[in-house]
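One structure below.
In what follows, chains carry the letters A, B, and so on, assigned in the order in which the sequence lines appear, proteins first and then strands, with residues in each chain numbered from 1.
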Amino acid sequence: MLASRFYMPTLREAPADAEMPSHRLLLRGGFIRPLSAGIFTWLPLGQRVLQRVENVVREEMNRAGAHEVLMPVLHPRDLWERSGRWDTFQPTPLRVTDRAEREFCLGPTHEEVITDLIAMDLDSYRELPVTLYQIQVKFRDEIRPRGGLIRGKEFIMKDAYSFDRTREGLDTSYDAMYDAYVRIFERLRLPVVVVEAEAGSIGGTDTREFMLLSENGEDTVYMCDSCDYASNAECATAMAPEPIEPAAESHRELVSTPDAKTVEQVTGMLGTTPDRLVKTLLYRTDEGFIAALVRGDRSLNEFKLARIVHGESLRMADEAEVRELTGARVGFAGPVGLPENVRIIADYEVQAMSDFVTGANQDDAHFTNVNLGADFEPDEFADLREACHGDSCAHCDSGALQARRCIEMAHVFKLGTNYSEALDATFRDADGHEQPCIMGCYGIGVSRIVSALVEQYHDDAGIMWPRESAPFDATILLLSPDDEELRAVADNLYAELREAGIEVLYDERDASPGVKFAEADLIGAPVRAVVGRTTKKEGKVELRRRVDGEEQLVPLDEAVKAIVTLLGDA
RNA sequence: CGGGGCGUGGCGCAGCUUGGAAGCGCGCCUGCUUUGGGAGCAGGAGGCCGCCGGUUCAAAUCCGGCCGCCCCGACCA
């Protein structure tokens, strides 16, 4: 590609409101341009990167035996009604109405469409297993887009879906996708960590996320510093402490705590600390009320609570409900003296506490010196709290959990039969019985990978693309375009490299050397070849590897070979 | 949705407190010079000051409303 004829509008300074390095550099380098919050146009450079990333994904999907399809963006309401997600998917899908008042949503994900597709043609177990995938734009009405391509309202995702006749078959399909993902991230040079995860609005089991550790990430994972346990903060578990003996006799005391509603206010007033208080959080489900107890300095993990109570409609009790249950304002709830029908679930950690503070279920009062056994008995104990940095690992003897920020790159789930049952994707088994097929679902954030690559591979001057994702493999800088001898050398090198199958950006523009160097660093092709005064004097080309700045001078007739070698480990 | 910040030539910003001729740097155009790290000199073009309304003799500046963008939080494959 001749730089003089290529569209690559670079910016000397990034817009002030772009903060993340990837966002700034992609804008400055002329890879993307914003249209609206969380919505971007891909410029030629960005499109080249995107296509290269897509191709790595595509090749590995095909290698794993998946077949590519392309599904619609507009999904009819009826389909989403049948899966039950029209009203429940979060964030609520973007909805549109056509001229005949038919309702559609812009697909945020494609379980419904793919399951319906399979249902149309699936008859016999002989047709399974099958895995289909697509690389498609998704729309999510995100609460808050951020970080450029990291979280957009509109983004590109590779989503694959497997259909099997047995659970064992699903395991095989799942493993094939998992392995393909490992290869994809190896090829892209993204050192991901695979962690346990929540299934969210998709549903399913055995969910794993592929995370890139990055200070600029928006997720948190906990990793054990001793064993290989790693989990999204949404479901990480810490070692539960040893329970202590329940107290035989009560010696709790009622104390006045006027207007003290928060843990800090109560413990401050009573001269104690949050880890000596038990917090009582009241929830409502379809089946009734729940009191969840955690230590005062801990956060309740609602995913964990929801899993225990199988509560699809879990929500915090409102003010009126709290008053009805406790007879007090919000802020004074406690486990002692709650109505019989409130199910009390206590975090394991509470089992190791004694003489603690709780709400007294009356306005402006708390109990001190409360104990399990003597004062109340929970219906059950469970892991309810969020893990914290430094907690003991629950999976080994010696490790501690370390919190790390990260960017979610991919997610795999075993879906089971939720969708196949709802949408009648069934087949006849060998015995002639009708069975729902067993599904798996596997997503990769393709556009997000582009951002993640920049976060991982950049310096102050610009981007340092690994070869698989680079917009160009190499760039030639012709520093004196008016010198006919040098131009002939550079033209020739350009032709030879192209013949060798190398994608080259040839900067033969009538611009100053400084501009060419700066833009080459910014755009970030793995290898740079300079044709200039050294070429004139010594007949040599100057090669430089972007990622580490390593330079070498090579004779003209060895340049192509040297560049190929440099690219080999880029 | 809550909190904070911002909106002035293509980009980065000053001006607003205290109303009175729209500025600076970069970029762009023309000419000459220059050519190894975002060149120099000279000349030039380009702005409904986000939008609507109000106050005033007079509004980029003060007041009200709206829109947009960014950051934090809640939330989230």
Between A/D507 (side chain) and A/R509 (backbone), is there a donor-acceptor pair under 3.5 Å?
-> yes
Please tabulate, one pair per line, each protein N/O and nucleotide N/O from nucleotides 28-32 of chain B that are separated by under 3.5 Å, including the distance.
none

Paired with [N] by Watson-Crick or G-U wobble geometry, both distances under 3.5 Å: which nucleotide is it?
{"N": "B/rA39", "answer": "B/rU33"}
{"N": "B/rC24", "answer": "B/rG12"}
{"N": "B/rC62", "answer": "B/rG54"}
{"N": "B/rG73", "answer": "B/rC1"}
{"N": "B/rG68", "answer": "B/rC6"}

Distance check, [atom1] atoms only: [N] and [M], in whole angstrom units.
{"N": "B/rA59", "M": "B/rG25", "atom1": "C1'", "result": "27 Å"}
{"N": "B/rA14", "M": "B/rG50", "atom1": "P", "result": "14 Å"}
{"N": "B/rG65", "M": "B/rC71", "atom1": "P", "result": "26 Å"}
{"N": "B/rG15", "M": "B/rU8", "atom1": "C1'", "result": "9 Å"}
{"N": "B/rG47", "M": "B/rC63", "atom1": "P", "result": "29 Å"}
{"N": "B/rG9", "M": "B/rC51", "atom1": "P", "result": "10 Å"}
{"N": "B/rA42", "M": "B/rG27", "atom1": "P", "result": "15 Å"}
{"N": "B/rU18", "M": "B/rC70", "atom1": "P", "result": "32 Å"}

Using a 4.0 Å heavy-atom cut-off across all strands, classify [X] as base, sugar-phosphate, or nothing.
{"X": "A/R28", "result": "base"}
{"X": "A/A14", "result": "sugar-phosphate"}
{"X": "A/L477", "result": "nothing"}
{"X": "A/D482", "result": "base"}
{"X": "A/G147", "result": "sugar-phosphate"}
{"X": "A/S36", "result": "sugar-phosphate"}
{"X": "A/R528", "result": "base"}
{"X": "A/E142", "result": "nothing"}
{"X": "A/F155", "result": "base"}

Candidate nucleotides [options], ranked by approach to the side chain of [X] - the nearest:
{"X": "A/R544", "options": "B/rC76, B/rG36, B/rG37", "answer": "B/rG37"}
{"X": "A/R144", "options": "B/rC11, B/rC72, B/rG37", "answer": "B/rC72"}
{"X": "A/P91", "options": "B/rC76, B/rG36, B/rC11", "answer": "B/rC76"}

Would you say A/R404 has more than 12 foreign heavy atoms packed within less than 6.0 Å of its CZ?
no
For [X] and [N], what is the distance between atoms [atom1] and [atom2] respectively, to the nearest whole Å?
{"X": "A/N216", "N": "B/rC70", "atom1": "CG", "atom2": "P", "value": "16 Å"}
{"X": "A/D219", "N": "B/rG73", "atom1": "CG", "atom2": "P", "value": "12 Å"}
{"X": "A/F40", "N": "B/rC69", "atom1": "CZ", "atom2": "P", "value": "11 Å"}
{"X": "A/L27", "N": "B/rC11", "atom1": "CG", "atom2": "P", "value": "12 Å"}
{"X": "A/E408", "N": "B/rC75", "atom1": "CD", "atom2": "P", "value": "16 Å"}
{"X": "A/K537", "N": "B/rU35", "atom1": "NZ", "atom2": "P", "value": "14 Å"}
{"X": "A/R146", "N": "B/rC70", "atom1": "CZ", "atom2": "P", "value": "12 Å"}
{"X": "A/R405", "N": "B/rG73", "atom1": "CZ", "atom2": "P", "value": "7 Å"}

Go through the N and O atoms of the side chain of A/R151 and the base of B/rC76, and report whether any donor-acceptor pair is under 3.5 Å.
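A donor-acceptor contact between them is present.
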Test: [X] and [Y] ion pair at under 4.0 Å:
{"X": "A/D383", "Y": "A/K304", "result": "yes"}
{"X": "A/R546", "Y": "A/D459", "result": "yes"}
{"X": "A/E551", "Y": "A/R544", "result": "yes"}

Rounded to the nearest 0.5 angstrom, the CG-CG distance for A/D491 and A/L478 is 7.5 Å
To the nearest 0.5 Å, atom CG of A/L401 lies from atom OG1 of A/T237 at 7.5 Å
Per the under-4.0 Å heavy-atom filter, residues of residues 506-519 of chain A near RNA chain B come out as A/A511, A/S512, A/P513, A/G514, A/V515, A/F517, A/A518, A/E519
### Query
When you check the side-chain N and O atoms of A/Q456 and A/S214, is any donor under 3.5 Å from an acceptor?
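No, A/S214 and A/Q456 have no side-chain donor paired with an acceptor closer than 3.5 Å.
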Residues in side chain to side chain donor-acceptor pair (under 3.5 Å) with A/E68, at least two apart?
->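 For A/E68, the residues satisfying side chain to side chain donor-acceptor pair (under 3.5 Å) (neighbours in sequence not counted) are A/R58, A/Y133.
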Pair A/F210 + A/Y178: ring centers closer than 6.0 Å: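 Centroid separation for A/F210 and A/Y178: below 6.0 Å.
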Both A/V530 and A/P108 contact RNA chain B. Which one's nearest nucleotide lies toward the 5' end?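 Nearest-nucleotide comparison on RNA chain B picks A/V530.
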- Item | 5' precedence on RNA chain B between A/E234 and A/L11 (nearest-nucleotide basis) |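 Result: A/L11.
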(Q) Which heavy atom of A/L543 sits nearest to which heavy atom of A/A559, and what is that distance? (A)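 For A/L543 and A/A559, the tightest heavy-atom pair comes out as CD1-O, 4.4 Å.
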Of all heavy-atom pairs linking A/C388 and A/R298, the shortest is SG-NH1, 3.5 Å
Partner of A/F472 under ring pair (Phe, Tyr, Trp, His ring centres under 6.0 Å), chosen from A/Y494, A/F6, A/W465:
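Between A/F472 and the candidates, ring pair (Phe, Tyr, Trp, His ring centres under 6.0 Å) is satisfied uniquely by A/F6.
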Practice problem: Using a cut-off of strictly less than 4.0 Å, decide whether A/R12 has a side-chain nitrogen or oxygen near OP1 or OP2 of B/rG38. | Solution: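 No, no such contact exists.
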